[in-house]
Amino acid sequence: MKLRDCESCLVYGSDKKPLSRARVFEVSENVLRLFFTTPKLRSARLKTIVDFYDGQHGLVRCLCDMTLKKNPAAMQTGEPWMADCTLVKVYEAFQRQKDVRVKVQIALDFRADDNRMITGTVQNISAGGLYFVTTQKLVQGQYITFVYKFKSEPHRVTAKILRVQELRGGGFGYGCQFLELTPGQEADIRNFVYVRQIQGQLERQKRHNLPVDAGL
């Protein structure tokens, strides 16, 4: 499989636990170069699992041969380690579905289709939609728009309210579905969700006192 739009990945250690996120640079088909910001690695040759986020294929899990070494351009890039990576086997592209959600806390201003400005907090998001809470009343079937920079460029996104929940203690929660996303918008939202998943995995790993350089 040739990766089509891949800029980041998650490398696993020999214990099959998340090890480190890496930036991806494609050298040729099935040959990549990975760059790591974490300093706690060491030179090694290994065969391990890597999850690649690809804007077209989704999350692609592969078995890879890697040669980890110091990055000679570390002073310029802030990435002390790099790896030559060859894709040996593709196991599965298994997160193309829209319902992979991550928890977030993002304050946003929404514009409702009745021209009201709504201030709310997004509590979870997926490539298919989001859930936000606010003190203001909306109804099922209404449309909202907002602007957010999921990656490098801000996107104006439209969503439809599918579910209304009255919250204990006041306020309302709204489950919304994104509408008519462009390929660029969907790719950036998927990348945002994927990056937040990785961050969550690494934070849980640190909370359980697991070494970040396990397996290398």
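Only this structure's heavy atoms are used, side chains among them; waters, hydrogens and symmetry mates stay out.
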Might you work through the side-chain contact (heavy atoms from CB on, under 4.5 Å) test for V24 and E26, ending with a clear yes or no?
CA-CA 6 Å; V24 177; E26 187 170 6; 5.5 Å; no
Assigning hydrophobic clusters by single linkage (Ile, Leu, Val, Met, Phe, Trp, Tyr; side-chain heavy-atom cutoff under 4.5 Å), is Y91 placed with Y12?
yes
Joint hydrophobic cluster, I106 plus I189, side-chain heavy atoms closer than 4.5 Å
yes
Distance in Å, S8 OG paired with R23 CZ, rounded so as to fall on 0.5 Å steps:
11.0 Å
Closest heavy-atom pair and its distance - C176, I161
SG-CG1, 3.9 Å
Nearest-0.5 Å distance, CG of residue L108 to OG1 of residue T134
11.0 Å
Apply side chain to side chain donor-acceptor pair (under 3.5 Å) to Q177 and list each qualifying residue two or more places apart in sequence or on a separate chain.
none
Can you tell me how far the CG atom of L138 sits from the CD1 atom of I144, to the nearest 0.5 Å?
7.5 Å
Between C62 and V90, which heavy-atom pair has the shortest distance, and what is it?
SG-CG2, 3.9 Å
Please collect all salt bridge (charged side-chain N to carboxylate O under 4.0 Å, His left out) contacts where either partner lies in residues 119-139, sequence neighbours excluded, each pair once.
none
State plainly whether one hydrophobic cluster holds both V122 and I118, where clusters connect Ile, Leu, Val, Met, Phe, Trp and Tyr through side-chain heavy atoms under 4.5 angstrom apart.
yes
What pairs with V102 under side chain to side chain contact (heavy atoms under 4.5 Å, CB included), at least two apart in sequence or on another chain?
V104, I125, V193, R196, Q197
With sequence neighbours excluded, give me every ring pair (Phe, Tyr, Trp, His ring centres under 6.0 Å) pair touching residues 161-180.
F132-Y174
Hydrophobic cluster mates of L167, side-chain heavy atoms under 4.5 angstrom, ILVMFWY only, any path?
Y131, V133
Lys NZ or Arg CZ of R33 over F25 ring: under 6.0 Å, within 45°
no
Under the side chain to side chain donor-acceptor pair (under 3.5 Å) test, which residues partner R163, sequence neighbours left out?
none
Applying salt bridge (charged side-chain N to carboxylate O under 4.0 Å, His left out) to R116 and not counting sequence neighbours gives D114
Compare all side-chain heavy atoms of L87 with those of L32 and state whether any distance is below 4.5 angstrom.
yes
Could you tell me whether the side chain of Q123 reaches within less than 4.5 Å of the side chain of K103, counting heavy atoms only?
no
Applying side-chain hydrogen bond (donor to acceptor under 3.5 Å, both in side chains) as the test, list every pair that has at least one member in residues 140-151; sequence neighbours left out.
E7-K151, D113-Q142
Taking all heavy atoms of G13 and all of L19, pick out the closest pair and write down the distance.
N-CB, 3.7 Å
What's the spacing between H155 NE2 and L181 CG if we round to 0.5 Å?
9.5 Å
Correct closest heavy-atom pair for P154 and V147 would be CB-CG1, 4.0 Å
Just jot down the side chain to side chain contact (heavy atoms under 4.5 Å, CB included) partners of T119, sequence neighbours excluded, or say none.
D109
C85 and side-chain contact (heavy atoms from CB on, under 4.5 Å): which partner among V27, T48, L34?
L34
Which donor-acceptor pairs under 3.5 Å do the side chains of residues 63-78 make with protein atoms, sequence neighbours left out?
from	atom 1	to	atom 2	distance (Å)
K69	NZ	D84	OD2	2.8
N71	OD1	A73	N	3.0
N71	ND2	T77	OG1	3.4
N71	ND2	E79	O	2.9
T77	OG1	A73	O	3.2
T77	OG1	E79	N	3.2
T77	OG1	E79	OE1	3.3

List in chain and number order the residues that pass ring pair (Phe, Tyr, Trp, His ring centres under 6.0 Å) with F146, two or more places apart in sequence or in another chain; answer none if no residue qualifies.
F110
Enumerate the residue pairs fulfilling ring pair (Phe, Tyr, Trp, His ring centres under 6.0 Å) with a member in residues 66-90, sequence neighbours excluded, ordered by first and then second residue.
none
What's the separation between atom CD in Q136 and atom CE in M117, rounded to the nearest 0.5 Å?
9.5 Å
To the nearest 0.5 Å, what is the distance between CZ on F150 and CD on Q185?
8.5 Å
